[in-house]
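Structure, as structure tokens:
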Amino acid sequence: QIQGMPYGNCLLLSDGPINNSTGIPFFYVTQKDNTVADLLKNPVASLTLPEADGNFCRKNVIDPEDPRCARLTLTGQMVTVPPDEVEFAKQAMFSRHPVVRKWPRSYEWFFMKMNIEHIWLQSWYGEVSAIAVEE
């Protein structure tokens with residue numbers, strides 16, 4: 001409804017089954033979600049992951065949103081998962097988030113993934129380090 005403006009959202013993601021993490025974020029989505037409708041028009045996206053379970057923040061009882069807790073930001077293009085990768089995406093999502101199996105089928109869910117182009121790690125107050133995608 002706000003033409004040309006990005007729309008943020010919280011989406012479940014998985015980078016593979018627990019025993020086969022790939023580093024590629026997969027999402028189970030529907031076009032009925034404004035975020036997905038926008039991504040289908042303009043696939044550029046960013047994803048920020050907080051250090052929610054890191055040793056430093058947990059040990060020192062620090063809120064994951066505190067600047068001392070690391071956060072990783074991935075940017076790239078969101079694309080529909082091609083047919084030859086759908087089975088892997090299904091295993092990735094359903095193994096980590098079994099509840100999605102019960103989501104209403106009428107929403108016409110499908111899989112998207114992020115083709116990562118840039119990675120930044122913020123590990124302290126404002127310090128940002130670029131990380132090579134290959135790493």
Side-chain angles (χ1 to χ4, degrees):
Q1 294 180 355
I2 305 172
Q3 295 296 318
M5 297 296 292
Y7 182 83
N9 202 348
C10 296
L11 300 173
L12 293 179
L13 70 111
S14 175
D15 72 338
I18 291 172
N19 62 349
N20 189 16
S21 295
T22 63
I24 299 168
F26 289 92
F27 304 86
Y28 194 46
V29 297
T30 175
Q31 286 188 14
K32 294 181 183 198
D33 182 329
N34 288 338
T35 305
V36 177
D38 287 346
L39 289 170
L40 293 171
K41 292 177 188 168
N42 179 357
V44 176
S46 63
L47 170 66
T48 299
L49 304 165
E51 182 190 12
D53 295 322
N55 291 334
F56 176 80
C57 296
R58 189 174 343 135
K59 179 180 171 186
N60 294 294
V61 192
I62 298 174
D63 188 303
E65 294 182 20
D66 186 295
R68 294 170 289 174
C69 294
R71 58 193 75 144
L72 189 71
T73 299
L74 311 173
T75 61
Q77 304 282 322
M78 293 290 291
V79 298
T80 300
V81 170
D84 63 322
E85 292 182 39
V86 167
E87 190 57 39
F88 181 82
K90 188 182 291 187
Q91 290 174 13
M93 186 59 63
F94 294 174
S95 68
R96 295 201 187 224
H97 305 287
V99 70
V100 300
R101 291 177 191 262
K102 297 179 182 179
W103 287 0
R105 294 186 189 270
S106 62
Y107 279 71
E108 300 175 2
W109 302 96
F110 65 100
F111 293 97
M112 292 186 86
K113 69 177 183 176
M114 178 182 275
N115 287 335
I116 301 168
E117 296 172 356
H118 303 280
I119 302 172
W120 291 281
L121 177 65
Q122 182 176 356
S123 60
W124 201 253
Y125 293 98
E127 294 179 21
V128 178
S129 302
I131 299 174
V133 174
E134 299 75 34
E135 291 181 34

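Scope of the values below: all heavy atoms of this structure, side chains included, with no hydrogens, waters or symmetry mates.
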F27 CZ to H97 NE2 distance, which is reported to the nearest 0.5 Å: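 If we round to the nearest 0.5 Å, F27:CZ and H97:NE2 are 10.0 Å apart.
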
Calculate, to the nearest 0.5 Å, the distance between atoms CZ and CE belonging to R101 and M93 respectively.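 These two atoms lie 12.0 Å from each other.
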
Might you point out which heavy atoms bring [X] and [Y] nearest each other, and give the distance in Å?
X	Y	value
G23	D15	N-OD2, 3.2 Å
A45	L39	CB-CD2, 3.9 Å
R71	P50	CB-CA, 4.2 Å
Q77	V44	NE2-CG2, 3.5 Å
A132	I119	O-CD1, 4.3 Å

Verdict with reasoning, V133 to E117, per side chain to side chain contact (heavy atoms under 4.5 Å, CB included): CA-CA 7 Å; V133 174; E117 296 172 356; 5.7 Å; no

Within one Ile-Leu-Val-Met-Phe-Trp-Tyr cluster: [X] and [Y], side-chain cutoff 4.5 Å:
X	Y	value
L40	L47	yes
L12	M114	no
V86	F94	yes
Y107	V99	yes
L49	L11	yes

Could you go through F88 and I24, starting from their C-alpha distance and side-chain angles, then the distance that decides it, and tell me whether this counts as side chain to side chain contact (heavy atoms under 4.5 Å, CB included)? CA-CA 11 Å; F88 181 82; I24 299 168; over 6 Å; no

Residue pair R96 / L13, side-chain heavy-atom distance below 4.5 Å: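 They are not in contact (no side-chain heavy atoms under 4.5 Å apart), so the answer is no.
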
Within the structure provided, determine whether W120 and H118 are in side-chain contact (heavy-atom separation under 4.5 Å).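 Result yes, sub-4.5 Å side-chain heavy-atom pair found.
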
Taking [X] for the side chain and [Y] for the main chain, is one N or O donor matched with an acceptor at less than 3.5 Å?
X	Y	result
S14	A92	yes
W109	P104	yes
T48	T73	no

Audit row: F110, V29, side chain to side chain contact (heavy atoms under 4.5 Å, CB included) steps and yes/no: CA-CA 5 Å; F110 65 100; V29 297; 3.7 Å; yes

What residue among D38, T35, N34 forms side chain to side chain donor-acceptor pair (under 3.5 Å) with N9?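 Between N9 and the candidates, side chain to side chain donor-acceptor pair (under 3.5 Å) is satisfied uniquely by T35.
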
Cut-off 3.5 Å, side chains only: do S46 and T75 have a donor facing an acceptor?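 On atom types as modelled, these side chains do not qualify, holding no pair under 3.5 Å.
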
Yes or no on side chain to side chain contact (heavy atoms under 4.5 Å, CB included) for V36 and T30, after CA distance, side-chain angles and deciding distance? CA-CA 7 Å; V36 177; T30 175; 5.8 Å; no

W103 and Y28 aromatic ring geometry - parallel, tilted or perpendicular at 30°/60° bounds: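 The rings of Y28 and W103 lie parallel, inter-plane angle below 30°.
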
